[in-house]
Each structure stands twice: as structure tokens, then as C-alpha cells.
Protein chains: 2
Amino acid sequence: MAVTLHDVARLAGVSIKTVSNVINDYPHIRPATREKVELAITELGYTPNLTARSLRSGRTGAIALAVPDLALAYFAELAAAVIAAAEASGLVVLVEQTGADPERERELLRSPRLKMTDGLIFSPLGLGQEDIAALEVPYPLVLLGERMFDGPSDHVTMQNVEAARAATEHLIAAGRRRIAVIGSHEGEVIGSAGLRLRGYREALEAHGIAYDESIIGPSMAWHRESGARAMRELLARGVGFDAVFALNDTLALGAMRALLEAGRRVPDDVAVIGFDNIDEAQYTVPSLSTVDPGRAWIAETAVATLLERIAHPQSDVPPRLLLADFSVVARESTHAA
Amino acid sequence: MAVTLHDVARLAGVSIKTVSNVINDYPHIRPATREKVELAITELGYTPNLTARSLRSGRTGAIALAVPDLALAYFAELAAAVIAAAEASGLVVLVEQTGADPERERELLRSPRLKMTDGLIFSPLGLGQEDIAALEVPYPLVLLGERMFDGPSDHVTMQNVEAARAATEHLIAAGRRRIAVIGSHEGEVIGSAGLRLRGYREALEAHGIAYDESIIGPSMAWHRESGARAMRELLARGVGFDAVFALNDTLALGAMRALLEAGRRVPDDVAVIGFDNIDEAQYTVPSLSTVDPGRAWIAETAVATLLERIAHPQSDVPPRLLLADFSVVARESTHAA
DNA sequence: CTGAAAGCGCTAACAC
DNA sequence: GTGTTAGCGCTTTCAG
């Protein structure tokens with residue numbers, strides 16, 4: 001069924017090697033030969049069998065991207081950016097969803113399905129410090145979005161602590177003092193939740209504001225639904241607060257919804273800031289202030305770093321930690337009252 | 001570097017074929033042999049080379065999914081559903097973004113990169129009726145989301161016309177008569193915009209309401225941004241309307257934003273309904289009424305249909321058109337005034 | 001500048 | 001039940 005190099009070679013009256021040379025732009029081919037071959041290629045509609053090429057060359061031209069869930073806006077936008085960056089380098093992207101399940105994340109790392117790709121860009125959510133050994137994998141790996149110290153692989157990540165601190169300070173600068181948090185993960189140190197909470201605490205401390213556990217709203221899931229729920233719980237506690245730092249934008253949108261339902265005005269009664277700068281943050285009512293963690297740069301850098309590791313698998317370059325610049329994006333939800 | 005069947009065979013003291021049999025659960029193997037082989041496999045940490053297996057078997061275990069842009073919520077949620085459905089069948093998904101560019105969509109269909117997959121689930125946006133010939137491809141193909149008549153491939157799609165008609169009738173039932181549209185594509189017949197506008201017109205006609213071009217807001221892009229812009233243009237025209245049918249949810253969210261900025265209350269002054277039922281529609285303020293076009297069913301059916309075609313490439317089953325059930329989801333944005 | 005031939009790791013006839 | 005062997009389609013020394 002499929003037309004192969006042999007078919008082309010036969011029609012062009014040359015050897016299979018010559019056809020291969022033409023396809024791979026080997027420099028020293030007589031123009032007449034090249035033309036003959038190209039004619040045969042178009043006549044037969046030949047397209048190279050990439051699987052065979054992969055087997056031979058050891059390269060697939062594909063990379064894998066593993067994210068918790070594409071239905072989450074942040075990861076969808078991240079995936080869009082990664083795919084675009086990969087395409088610019090002639091790579092194709094295989095997307096996996098882990099559901100943020102530590103078990104599935106560990107499984108993914110040893111999945112033979114990865115043999116179909118040249119490397120992996122992995123945004124773990126469930127893995128902890130104790131899983132660092134599992135990251136010792138026999139293929140190029142770039143981690144995203146979380147900062148695991150002393151891991152064996154390159155990390156491209158955002159400055160969670162510093163950006164969270166800046167977000168909190170943005171609220172403090174607007175005159176807020178009772179700043180609630182939505183989306184904390186109790187006891188977490190190394191994940192995004194832990195790091196962002198740390199930034200929050202640092203900001204409080206720097207401004208002489210006491211940390212008050214009673215306005216910390218935990219929520220394992222970072223969905224709109226859970227943001228709304230966590231906010232309702234916070235309101236039900238009856239403790240006062242004049243601002244909310246939601247640990248991501250989606251939580252913030254859910255929290256805003258719950259605040260409005262409860263008759264609290266944003267930003268007049270409660271200022272709200274999120275984290276991620278997802279597209280929709282600018283179109284909500286009120287528009288959502290947030291931190292832009294440098295998503296586009298992260299995607300491009302992750303692909304570039306992975307490509308480098310793929311090109312030099314035995315390189316002695318130690319694991320790098322690449323940090324994106326961030327910025328606070330002030331919008332309506334934190335306008336001065 | 002990599003450990004192969006030969007290595008395992010040597011360690012286990014059997015032939016390569018026996019190892020292959022064990023891996024592929026070939027029934028007739030002596031338990032003792034199986035055990036020996038399995039021991040060798042774990043000892044060496046052997047994982048099969050999927051590229052080699054693909055070359056030999058002609059199957060890759062991967063499918064491709066092509067969507068316009070993952071940053072668009074509808075397609076992100078669709079991709080999430082497709083990947084989940086594929087995984088349930090042991091398939092892995094390669095995601096491509098076309099940017100809704102007809103040129104890139106045509107190119108994609110003949111891309112040799114597809115040789116790395118067993119088939120394609122394709123959500124075209126730029127292709128028109130004239131491109132039907134381009135859909136005659138030498139691999140299994142399932143189209144999504146648009147209804148091209150008499151194409152050569154299976155289609156899994158939503159009932160655009162009927163669902164749009166139902167959305168419009170929902171507004172009419174709420175007492176609205178001046179129903180604007182956001183997101184039309186002038187002159188389009190076969191795309192989602194054309195079909196949904198047709199449903200809108202059918203609903204008007206059925207209720208004796210005249211079609212009025214002056215309240216039709218065109219917008220090629222279906223982003224929040226463009227929805228807001230189209231709505232501002234509509235408002236600037238100074239024509240009156242008491243409802244808006246946005247041709248998708250994202251447009252609707254942008255339009256709501258523009259309405260609120262202009263001091264129009266939703267739903268009191270203007271009722272708004274969208275299309276797609278993306279997750280966030282239920283969390284906006286006010287929550288967005290919309291049409292659920294059956295996304296989950298579409299994703300599962302697309303994967304199942306593609307798998308069938310992959311399993312029976314020469315089947316005589318003619319191209320099928322599979323239509324998802326839809327439902328109107330009434331929320332705050334269309335509550336009776 | 002072009003041809004012949006080996007082999008990437010695996011599966012599937014076909015022997016034994 | 002298990003081993004031998006021939007390729008899947010391609011790239012790549014190595015000759016010529």
C-alpha cells in the first residue's frame with residue numbers, strides 16, 4: 001500500500017541511497033539526478049515513513065507534555081504555548097493528563113509510551129520531595145511549574161514565592177490589612193500552594209502584619225467550584241477580611257462569584273487578586289488583578305532546554321533552574337476603595 | 001544503551017521469540033519459562049521499543065487530534081475529553097494546533113507527521129465545502145464539530161442548527177423579541193457560524209419575528225476580546241435590542257463584559273445566551289445561559305469511531321454522521337426580567 | 001557523486 | 001512449546 005524509497009528509486013532509475021540523499025538535502029547531488037528523484041517523489045506521492053526513520057535514527061521528532069488537566073485554563077494555555085514553541089522547532093507534541101494523581105505521575109515517568117518521544121516536559125502536581133529519585137529517568141526531562149530543589153533534571157519555573165509576595169504587597173499597598181488566602185494546602189512546603197503561601201507570609205511579616213490562620217481557606221483542588229466553596233466556608237466562619245489572595249486565578253474567579261453572591265462588593269468591600277494571568281482574568285466583571293508568572297517564556301524555554309538535552313544527551317551541564325520574570329497585573333478587582 | 005529483547009533472552013537463557021511471546025501474552029508458554037523471562041525483564045528493567053514495534057506492526061498506538069487553538073476554552077475542554085477517552089482505550093494523543101488557518105489545515109491533512117499516528121480526529125475551522133477532496137486521505141479520519149455534507153469521512157458533530165434554534169427560542173420564550181447576534185461570519189453557510197445563524201433565523205421565522213441585519217454583529221474571531229468589541233460596535237450603532245445570542249460562550253462572556261461597561265444590566269435590560277457550555281459559564285456573574293452541545297459524548301464517540309476505522313481499514317461501512325444530543329442550560333443571564 | 005549492504009528492535013511465519 | 005529467520009522502511013558506513 002504505502003510507497004517506499006524503493007518505489008521511488010525504481011521509478012527514478014537510481015538507487016535507494018540517492019533518494020534518501022535527496023530527501024535529506026545531502027549537499028553533493030547532481031542537479032539532474034535531484035530533479036529526476038523529485039519528479040518520481042511527487043509522481044508517486046511519496047512521504048517518508050517516520051516510524052522507520054525513528055527506529056533507525058533513534059529520534060522521533062516528538063516530545064511529550066504531561067499536565068494535570070487540560071480543562072484547567074492555566075494548563076490549557078501552557079499547553080498551547082508549548083505546542084506552538086515545539087512546532088516552531090519542527091517538533092510534535094504528545095499530551096498526557098495526569099489528573100494531579102501522584103500515582104499516575106510516577107507511572108508516567110516510567111511508561112514505555114515515552115519511548116515514542118525524544119523527551120518529556122512535565123508539570124507535576126502530586127509529586128513531592130520524596131519522589132526526587134523517580135525523576136532519575138533515562139531520557140531528557142524538563143520540569144515545569146514547581147521548584148524541587150536538588151532534583152536531577154532541569155527546571156523551568158516561575159518565582160512562586162517572590163511573585164506571591166508581590167501580589168500580597170500589592171494588596172497591602174492598596175491599604176488592605178486583613179488579607180485572606182484561598183487554596184492553601186495544609187502542611188505543603190514544596191508545591192505551588194506552599195510556596196505561594198510562603199510569599200504571602202513573607203509580605204505580611206515585612207509589613208508587620210500578623211499571620212492569622214483563621215483567614216486561610218484551604219482547598220486541595222484549584223477549580224472555580226472549589227474556590228467558591230472555600231470562600232463560602234470563609235464567609236461562614238464570620239471572621240473579617242478586606243482582601244483575598246487566591247493562589248490561582250481560577251480559584252479567584254470562584255471566590256469572586258461567592259463574594260458577590262454573599263453581597264460583598266469587589267473591590268470596595270473585598271479586594272481580590274489571583275495568580276497566573278489566564279486569558280479570562282481580563283474579561284471578568286470586575287476584571288481580575290493577578291500575577292503574570294511568565295507563561296510564554298516558560299513554554300519557550302522549556303522546549304529550548306529540552307531540545308538542548310536531546311541534542312547533547314551526555315552533556316556535563318548540571319541541572320539548571322531557570323526562573324521566569326513575573327509582574328503584577330493590576331485590574332479592577334484591586335482598585336483602591 | 002537500551003536493553004533489548006536479545007539481552008533479556010540471553011539472560012533468561014531462551015530465544016528472543018519466547019521473550020516476545022511472554023510480553024505479548026501468547027497463551028501457550030510453560031509457567032516456568034514465563035517466570036524466568038519475567039525475572040530477566042525486571043532485572044534488566046526492559047521496556048519494549050515502541051518505535052520498533054510500530055514499524056513492524058504498522059500500528060503506533062497513538063492518534064492525532066487537531067484543533068484550532070488549545071487556549072480557547074471549548075477546544076481545551078474537548079481535548080481534555082478526547083485524551084481521557086483515548087487513554088481509556090490505551091491510546092496516546094498527539095495534539096496539533098491549526099490556528100483555524102485553512103492553509104495549515106490543508107497542510108496538516110497531508111503532513112507526513114501523521115505517519116506517526118494511526119488516525120486523526122480533526123476539528124476544522126477554516127476548511128470549506130470546496131476542500132472536501134482534501135479530506136480523501138489514506139488514513140482513518142474523523143471530523144468534529146462542523147457538518148460537511150457528503151464528505152468522505154465520519155463526522156461526529158453537534159446539532160448546530162437545531163441547538164441554535166433552541167437557544168433562540170429560549171430567549172423568545174422569555175419574552176424577548178429584539179435578539180441580537182454576536183459572532184456571525186458573513187456569507188458563511190457551512191461553518192458553525194453559518195449553521196448557528198441559520199438556527200437563529202429559523203426560530204425567528206417560526207415565531208413571526210422579522211430578521212434584522214442591523215442587530216447582527218459580525219466577528220471572525222470567537223474570543224472574549226472580539227465578543228466585547230463586536231458588542232461595543234453593536235451598541236454604537238444605537239439600534240435597540242433586548243437579548244443577545246452569542247454564537248459561542250467566549251463571545252458571550254466578552255459581550256456581557258461590554259454590556260456591563262455600557263451600563264446595561266444582564267438579564268434585566270439584555271438577556272444573554274451563549275453556546276458550548278464551557279466550564280466557566282456557570283461561574284461568571286451573572287452565570288451564563290448556554291447550550292450544551294454534548295461535548296463528552298462527542299469526544300468518546302469520536303475516539304470509538306476512529307478506533308473502529310483503524311481496526312477495519314477496508315470496511316465497507318459508508319461514512320457516518322453521528323449527532324450529539326444537546327440541551328439548553330438556563331442560568332441567570334436569561335432569567336425572566 | 002552514487003550504489004550495495006548492514007542493521008535499528010521488533011513481530012510473525014514457519015520449522016522443529 | 002520454543003527456536004530460526006525474514007523482513008517492516010529507513011539511514012549510514014563503506015566502496016567504487
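Letters go in sequence order (proteins before strands), and every chain restarts at 1.
- Annotation: salt bridge (Lys or Arg N to Asp or Glu O under 4.0 Å) contacts involving residues 50-67 of chain B, sequence neighbours excluded, are absent.
- A:D154 and A:T305 share no donor-acceptor pair across their side chains, judged by distance under 3.5 Å alone.
- With salt bridges taken as basic N to acidic carboxylate O contacts below 4.0 Å, none links B:E300 and B:R295.
- One interatomic measurement links the two molecules: CZ of A:R10 to P of C:dT2, which rounds to 20 Å at whole-angstrom precision.
- Using a cutoff of 4.0 Å between basic side-chain nitrogens and carboxylate oxygens, B:R106 and B:E103 are scored as salt-bridged.
- In this structure the side chain of A:F122 reaches within 4.5 angstrom of the side chain of A:L108, judged on heavy atoms.
- A:T47 and B:K115 are linked by a side-chain donor-acceptor pair at a separation below 3.5 angstrom, with hydrogens and angles left out of the test.
- More than 12 heavy atoms of other residues, nucleotides or ligands shown are found within 6.0 angstrom of CG on A:D101.
- Between A:L120 and A:I63 the shortest side-chain heavy-atom distance does not fall below 4.5 Å.
- Within residues 31-39 of chain B, the residues approaching DNA chain D are B:T33, by heavy-atom distance under 4.0 Å.
- Considering only side-chain N and O atoms, B:S15 lies nowhere under 4.0 angstrom from the phosphate OP1 or OP2 of D:dT2.
- In this structure, the CG atom of A:N21 is 18 Å from the P atom of D:dA15, given to the nearest Å.
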Contact letters for nucleotides 6-11 of chain D, in which S counts primed atoms plus P, OP1 and OP2 and B counts the base, heavy atoms under 4.0 Å | BBBBBB
